[in-house]
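Taking it in order: structure first as structure tokens, then the write-up.
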Amino acid sequence: VRDLWTNLWHELRRARRQRTLRLSALLLGALLVTGFALEAARYHNERRTQSGLQARVDAEWRNQPDRHPHRASHFGTYAFRPPGPLGFFDPGIESHSGTLTFLEPHQRNLPAFSDAAESSELLRFGRPSVAFVLQVLVPLLLFCTTFSSVAGEREAGTWQLSLSQGVRARSLLLGKALGALAAVCVWLVPLLGASWLAALAGGLARPSWGLLGRSALLAGAYLVYLASCALLGVWLSSLHRRPQTALLSALALWSGLWIILPKMAASLAADGVPAPSRAELESSIARAVRGHGDSHDPNNAHFADLKATTLARHGVDSIEELPVNYAGIVMTEGERISSEEFDAHHEQLTAAYAEQNARALELGLFVPLLALRSFSMSLAGTDVPHIARFDADVEKYRYRFIQQLNALHTSEIRWKDDKAQRVSSSEWSRFEAFRPQSPGVRWALRHVSRPLAALVIWLCLALLALLLSARRSLES
Amino acid sequence: MTQKAAERHRAPWVTLAWLELRSLWRRRLAWIAALALLGMGWAGIAHGLSRVEKERAAIRVGAAELGDQARYLSEITRANDDLGLLLYYLAMPVSQEPSAWAPVATGLRGIHPASRQLRFLGLVPQLYQTEIGNPMVEQGGHFDLAVVLVLLLPMLIIALGHDVCSRDDDLGLSAAVRAESVSQSRLIAMRLALRAGWLSAVLIALLAVAVATLRVPLDRRIAVLLCATLGYAAIWWLVVYLVSSWRRSSVFNVLALLGMWLGACVLLPALLHIGSNLAWPVRGGVELTLEQRMDMNSRWDRPKSDTLNPFFQRRPEWAGVVVPSDSFSWPWYYAMHEVADAHVAAQVAEHRAALERRSRWTARAAWALPPLALELLLERLAGNDLTTALVFRDSIATYHEALRQAIYPSIFGYRGLSALPIDRLPRHHFSSDQVDAPLPGWAGLLGYLLLALALVPLAARRLDAVDASESTEAMTDDALAPVAEAGRGALRG
């Protein structure tokens, strides 16, 4: 263990002495701060605008004049999606999902107005969030720190010298990996801590146990990830006799696993698992709803049945004699039927996405970035399950909202001269406003057991490879 | 005599070129780079094709929807039913036909839906739809040919070129090479040219495969693609030459070039993306949608003349029609939609102008960033850029107006359902090919190419100068090499 510490210190000092490393650490640190500041500003703007607009549409709803309930339901309302709890750290897929959903009867609208839809071609180059720096650039820095760790000593001849003096190869290698990790953590941890505090101070996140749990889990996962990158770097170096070839193979690995394969995996999965486009989804929903027929059609069996049972329940012979408004009952039933179709089709869509993402993640066993990215997005509350859950919540709210109006239509409006009547404007403030609920840490964790397992497996594999390499260098 | 001198002068170049070519041929890296370029390029083309094929399928589904609708509506309505009610439901297919080039750079395809249904109601709430593609895939970025050319091609160039000068040091040959009676700068340039030629040949083969697979029309766009890509590659090769002229180690060269790649291809564009979004925000899309809806709804509770007067001012040809002022009527209903659209017309124009400004600034930024320049150029070529998206949006507005003009006679004539000629309604046609916008990005590519070329003489002088002053020093260094090697051998033993 003492050897390990000595090597760790040695490696740290070596990293500090190298000008290129100091310079790249400086640049990376600057980038981290800039990325954080830009994302924080974006997050802050977005949240403020959206809560402002949500308040505005809620007020507009309450301030309606006396109206027919069905008229009011076509007036409708809106739901705005607030950014995820740690969206300023890892914006995930948020910029690609719509923020505004219009809620109206007979129809489940898709969210509109994503950041991406108002972006220029620069969209294709991604964004420099803190998560991106940690996920893609810090591993590169680790590879650049470690490529010469063993190969360089081999070339200089000091490697054999150390071994011949009885230093154990295992502690040498582990010390080098931990040293490289420490050299990065020395400046990374304070910077991240400072930005975390800045986020709290700036009101981007509210201090809570949930936030603390998310942050701790994220920190742990990133540590595991970066540790396996450091181990991997030293292992690669130990396979080479010259630093130059070690560097080339490390960079080849980085460009393959961090740039090419992640993009390819997502694209391949999207090609392999069919998911409907907007036009196809809307068309299949329209066809399904049409299949249920027209409620005004006297020959429609379902609605004829509804009429018969309603009349029987109230013991009357005609719609005019009903104590309630039959038009409202038909609206309620129509909404129920169409809503079932919306749910079924949207669930299919979500399932197709989940299947695509699971396919892409199967490659995560070979591509650590994919596993970490899923985990990070999920805990930041900015991944596909979170957004899908939000959309489902919005739909549930829409359904309750419309059915409440249909209930008013049934009880407060008489059948005769239906369209000429109004309900009092005091009714509108009895409607509950839409309040987005963010799921807890436990819910977020439930979706990422596989990525988490993949990360741990990666750490174990990297460690194992390094230990095996240590044994081999002893034998040689 | 003179001929002999010329021969003596030429001979070492031919021999050297031949030797270099042979060693390039024997290097595994050269073959790996070629295979990687072809393989990734092919994967990019295949993915692009599959995406565009999906869009074509969506467009077919959208077009078929009209027939299904017409059939259903004819089942549930009778000939003397209200025309207005049917128009409430009727939706016309609207689509952006992808060009044959679309798979090359899928760009903003998948953000703005290419296949939509346009209803006869207000235009504004229908104008800003977004596609629903898997956000995880969209966020990661599609793996198309543009990614391979913009992002990965420079990596391969760096891998092949970084040791063009330092390889001699790596192999301990520098003294021998310097002893040759040729100028170092030309030797390095020749070597680099050979490597560049090798990769360019592969690149041209890849582009030929792309052109053949996509069956694009053989016009000047092929020349644009070829020139832009080769020009972009040439910039990177020249950068490699400039970096090599510092005569540092291979490791240094790789790290320096990688840093430049990271800055130019990843970090600067990403910073620019979010920075420009913050600096020049596009506001108002959401607000104007809310505003239009609010205005439209308030008209239900206001006197009919509030809606009809501005409407008749817009369309005096219908001013003579009598519209009931105390009860619901379809002319009034559709007039409300149109007047509400007109209510936010200024905001719609402003929003469009803001997007256009964003597009213009992106094109300006491409002057300074060759990777962005090539991406913009490829997306323009493929018709998947922001300009095309905006022109497509305009075409939807124009089409909506044409629909209004075709349908208003039936509405304001209070005609029955049978008067609606669904088959004879105007149809929407839009293809990315018909957008005729100037090519962005070429100025950035050309500018950087010229800049790099202008720096070449400097680099050449540096290479030759170092050569003259350090050759003796290098000799002694290399003279010691066997000793060092023997020492290492002893340690190993």
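What you see below is based on every heavy atom in this structure, not just the backbone, and it leaves out hydrogens, waters and symmetry mates. In what follows, every chain begins at residue 1, and chains take the letters A, B, ... in the order their sequences are listed.
If you tally non-hydrogen atom pairs under 4.5 Å between each of N297(B), L386(B), N134(B) and chain A, the highest count goes to N134(B). In terms of heavy-atom pairs under 4.5 angstrom with chain A, the leader among V286(B), L108(B), I32(B) is V286(B). Comparing P262(A), P243(A), S119(A) by how many heavy-atom pairs each has under 4.5 Å with chain B, the most go to S119(A). Across I259(A), V384(A), I260(A), L349(A), the residue that shares the most heavy-atom pairs under 4.5 angstrom with chain B is I260(A). Of the listed residues (E94(A), Q64(A), H74(A), E282(A)), the greatest number of heavy-atom pairs within a distance under 4.5 Å of chain B belongs to H74(A).
With a threshold of 4.5 angstrom between heavy atoms, S129(A) does not approach chain B through any atom at all. For W254(A), the part lying under 4.5 angstrom from a heavy atom of chain B is the side chain only. L281(A) touches chain B through its side chain: at least one heavy atom from C-beta onward sits under 4.5 Å away, while N, CA, C and O do not. When heavy atoms are compared at a cutoff of 4.5 Å, E138(B) approaches chain A by way of both its backbone and its side chain. Of the atoms belonging to I387(A), not a single heavy atom falls under 4.5 Å from chain B. In this structure, no portion of W280(B) lies under 4.5 Å from any heavy atom of chain A. Looking at P65(A), the atoms closer than 4.5 Å to chain B (heavy atoms on both sides) all sit in the side chain, from C-beta outward. For E104(A), the part lying under 4.5 angstrom from a heavy atom of chain B is the side chain only. Only the side chain of L267(B) comes within contact range of chain A, with heavy atoms under 4.5 Å apart. Looking at N109(A), there are no atoms closer than 4.5 Å to chain B (heavy atoms on both sides), in backbone or side chain. Contact annotation for L110(A): only side-chain heavy atoms (C-beta onward) come within less than 4.5 Å of a heavy atom of chain B. Heavy atoms of P276(A) lying under 4.5 Å from chain B belong exclusively to its backbone. For A57(B), the parts sitting under 4.5 Å from any heavy atom of chain A are the backbone and the side chain alike. Heavy atoms closer than 4.5 Å to chain A are found in the side chain of L151(B), but not in its backbone. With a 4.5 Å cut-off on non-hydrogen atoms, L53(A) touches chain B through its side chain but not through its backbone. When heavy atoms are compared at a cutoff of 4.5 Å, A270(A) approaches chain B by way of both its backbone and its side chain. With a 4.5 Å cut-off on non-hydrogen atoms, V136(A) does not touch chain B at all.
Taking each heavy atom of L122(A) and P269(B) in turn, the nearest pair found is CD2-O, 3.7 Å.
At a threshold of 4.5 Å between non-hydrogen side-chain atoms, the residues Q69(B) and R290(A) count as touching. I132(B) has its side chain within reach of Y353(A): a pair of non-hydrogen atoms, C-beta onward, lies under 4.5 Å apart. You'll find the side chain of L262(B) reaches within 4.5 Å of the side chain of L140(A), heavy atoms only. A heavy-atom distance below 4.5 Å is found between the side chains of L372(B) and F125(A). The shortest side-chain heavy-atom distance between V254(B) and Q244(A) does not fall under the 4.5 Å cut-off. Using a 4.5 Å cut-off on side-chain heavy atoms (C-beta onward), D68(B) and R287(A) make contact. Side-chain contact between L31(A) and L271(B): present, with at least one pair of heavy atoms (C-beta onward) separated by less than 4.5 Å. Between D301(B) and R67(A), the closest side-chain pair of non-hydrogen atoms falls below 4.5 Å.
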Q: Carefully, step by step, assess F75(A) and R293(B) under the rule side chain to side chain contact (heavy atoms under 4.5 Å, CB included).
A: CA-CA 8 Å; F75(A) 175 69; R293(B) 191 138 207 111; 5.8 Å; no
Q: List the steps, then state whether side chain to side chain contact (heavy atoms under 4.5 Å, CB included) holds for Q356(A) with V137(B).
A: CA-CA 9 Å; Q356(A) 285 180 350; V137(B) 178; 4.1 Å; yes
Q: Go through the steps to decide whether S277(A) and E131(B) satisfy the test side chain to side chain contact (heavy atoms under 4.5 Å, CB included), and finish with yes or no.
A: CA-CA 7 Å; S277(A) 63; E131(B) 188 51 272; 4.1 Å; yes
(Q) Show, in sequence, the C-alpha distance, side-chain angles and deciding distance for H142(B) and K263(A), and conclude whether the side chain to side chain contact (heavy atoms under 4.5 Å, CB included) test is met. (A) CA-CA 6 Å; H142(B) 286 275; K263(A) 274 184 197 294; over 6 Å; no
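Taking 4.0 Å as the cut-off between side-chain N and carboxylate O, D385(B) and R124(A) do not count as a salt-bridged pair. Salt bridge E291(B)/R56(A): present, at least one basic N to carboxylate O contact under 4.0 Å.
The structure places NE2 of H273(B) at 7.0 Å from OG of S95(A), a figure rounded to the nearest 0.5 Å. Within the model, atoms CD1 of I111(B) and OG of S114(A) stand 6.0 Å from one another, a figure rounded to the nearest 0.5 Å. Separation of atoms CE (M136(B)) and OG (S97(A)) is listed at 12.0 Å; rounding is to 0.5 Å. Considering OG1 of T130(B) and CG of L100(A), their distance stands at 9.5 Å, rounded to 0.5 Å. Note that CD1 of I274(B) is 3.5 Å distant from CD of E39(A), once rounded to the nearest 0.5 Å. Going from atom CZ of F143(B) over to atom CG of L261(A) covers 8.5 Å, rounded to the nearest 0.5 Å.
A donor-acceptor contact closer than 3.5 angstrom links the side chains of S283(A) and E65(B).
The aromatic rings of H351(B) and F113(A) sit perpendicular, their planes meeting at an angle over 60°, well past the 30° parallel limit.
With W300(B) as the aromatic partner, R71(A) meets the cation-pi criteria of under 6.0 angstrom to the ring centre and within 45 degrees of the ring axis.
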